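Please read the structure below before turning to the comments.
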Amino acid sequence: MKYAYYPGCTQESTAEEFGLSSEAVCHALGIELEEIPDWSCCGASSGHFVDEDLAHALPARAFERPCPTTPRWAAAGPGQADRRG
Amino acid sequence: MDYISSTGKKSCDGAFADRVREESGVAIDRCYQCMTCTLGCDASFAMDYAPNQIVRLAQLGLKDAVLGSTSIWVCTSCESCVTRCPNEIDIPHLMDSLHQMALRDGVRVPEPSVPVFHEVFLAPVKQFGRQFEVMMTGLFIFKAKKFSIKDMVTNATLGLNMFIRRKLKFFPAAIKDKQAMKEIFKKTSEGGKS
């Protein structure tokens, strides 16, 4: 099983341990993750705080990145989990 | 119509209430004041008006009370309220619309460091395409004028601890297509909307 993976900025800095454990869990479950090429920030809470269109456009860019081999999605960034973003 | 409160008479502005309904798209009229939102609110201790009161003030169109409140700035968008609301009133979204209105209308902001934080949060995102905490924090200290000895000691201690735990990077993780980010900001928050 292969998923396109959107880690989000925090997974690579202030919450690195979440990124490492998510990847370890996926590996143990036999889920292969393919990172979305050149993904960008989802805007998190500040996106929708400042502007509604910005809050949609930032994560939309990550979703429109072509991920060559995978049809499925896995997202970890806060903007991705947001009902509105 | 006038509204008489403990602090005196205020006039209701129906046009403002309609503006809130239209701009936010939130069904504020469905609120029957059960207060479930407020009881679960993690930020209500820092608010002058509780979330259920903000909804009521918005219904009545009490513009100055709503836009001048601390509540619209300290809401953390945790979404406990809307998750529990029996009428599915999206209060965090209402709060977003209200503080955006307050900024546009030039209302005095009772919690000025909040909009500063969100502005500096997005600065590295626009420049590099990803968050860069060191730049964000530096800009925040500078723009929010957090120069007191106490602030400095707190920030330095926290920064050092985060660095030891590999939670701070000293170089930004820039994306390749930085132009795309500038376009996104130009077409949305920077007023280039068609």
Side-chain angles (χ1 to χ4, degrees), chain A residues 4-24 33-68 73-85, chain B residues 23-25 72-73 75-79 82-83 90 92-93 95-97 99-100 103 114-115 117-134 136 162 165-170 172-178 180-181 183-194:
Chain A
Y5 180 47
Y6 177 85
C9 307
T10 333
Q11 298 267 24
E12 306 208 329
S13 58
T14 48
E16 197 181 10
E17 69 275 23
F18 287 114
L20 294 172
S21 56
S22 302
E23 281 162 31
L33 297 173
E34 185 185 356
E35 200 168 307
I36 299 164
D38 208 36
W39 57 265
S40 51
C41 178
C42 65
S45 321
S46 299
H48 63 79
F49 187 97
V50 170
D51 186 274
E52 197 177 339
D53 291 340
L54 180 70
H56 288 104
L58 285 172
R61 182 186 173 272
F63 278 107
E64 61 95 36
R65 310 298 303 156
C67 210
W73 283 91
Q80 309 297 334
D82 195 302
R83 293 169 303 102
R84 288 168 275 127
Chain B
E23 282 191 29
S24 69
I72 61 173
W73 301 99
C75 167
T76 59
S77 299
C78 76
E79 304 190 346
V82 57
T83 307
D90 195 340
H93 190 58
M95 297 288 193
D96 278 344
S97 300
H99 61 232
Q100 284 164 16
L103 284 181
V114 176
F117 171 80
H118 292 290
E119 183 199 329
V120 302
F121 183 97
L122 292 168
V125 176
K126 185 184 169 189
Q127 192 167 341
F128 304 115
R130 300 222 183 135
Q131 185 47 265
F132 179 38
E133 286 82 2
V134 174
M136 177 188 79
M162 287 176 79
R165 289 168 179 76
R166 291 198 314 198
K167 284 171 177 285
L168 280 186
K169 303 275 187 289
F170 281 102
I175 65 165
K176 290 191 201 95
D177 189 8
K178 293 186 208 65
M181 303 309 291
E183 287 286 311
I184 287 173
F185 278 83
K186 204 166 95 185
K187 287 181 180 168
T188 57
S189 62
E190 289 166 7
K193 287 173 200 177
S194 52

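Note that the coordinates shown come from a computational prediction; the quantities given were computed from them, not determined experimentally.
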To the nearest 0.5 Å, what is the distance between CG on L122(B) and SG on C41(A)?
7.5 Å
Any donor-acceptor pair under 3.5 Å linking the side chain of E119(B) with the backbone of S46(A)?
no
Between E17(A) and chain B, with a heavy-atom cut-off of 4.5 Å, which part of the residue counts as in contact: side chain, backbone, both or neither?
side chain
Report the C-alpha separation of F185(B) and D51(A) in whole Å, then their side-chain angles, then the decisive distance to 0.1 Å, and conclude whether the side chain to side chain contact (heavy atoms under 4.5 Å, CB included) test is met.
CA-CA 10 Å; F185(B) 278 83; D51(A) 186 274; over 6 Å; no
So, taking the atom named CG in L168(B) and the one named OG1 in T14(A), what distance separates them when rounded to the nearest 0.5 Å?
8.0 Å
By number, which residues in residues 125-134 of chain B have some heavy atom less than 4.5 Å away from chain A?
V125(B), G129(B), R130(B), Q131(B), E133(B)
Closer than 3.5 angstrom, by distance alone: can the side chain of D38(A) be matched with the main-chain N or O of K176(B) as a donor-acceptor pair?
yes
Taken in chain and number order and not counting sequence neighbours, the residues that satisfy salt bridge (Lys or Arg N to Asp or Glu O under 4.0 Å) with R165(B) are none
dist D53(A):CG -> K187(B):NZ (nearest 0.5 Å) comes out at 12.5 Å
Tell me, for M181(B) versus chain A, whether the close heavy atoms (under 4.5 Å) come from the side chain, the backbone, both or neither.
side chain
Against chain A, label K169(B) side chain, backbone, both or neither, depending on which of its atoms sit under 4.5 Å from a heavy atom there.
side chain
Side-chain heavy atoms of V50(A) within contact of F121(B), under 4.5 Å
no
Quick one: CD on E183(B) to CZ on R61(A), what's the gap to the nearest 0.5 Å?
12.0 Å
Ring-plane angle category for F49(A) and H99(B), please: parallel below 30°, perpendicular beyond 60°, tilted otherwise.
parallel
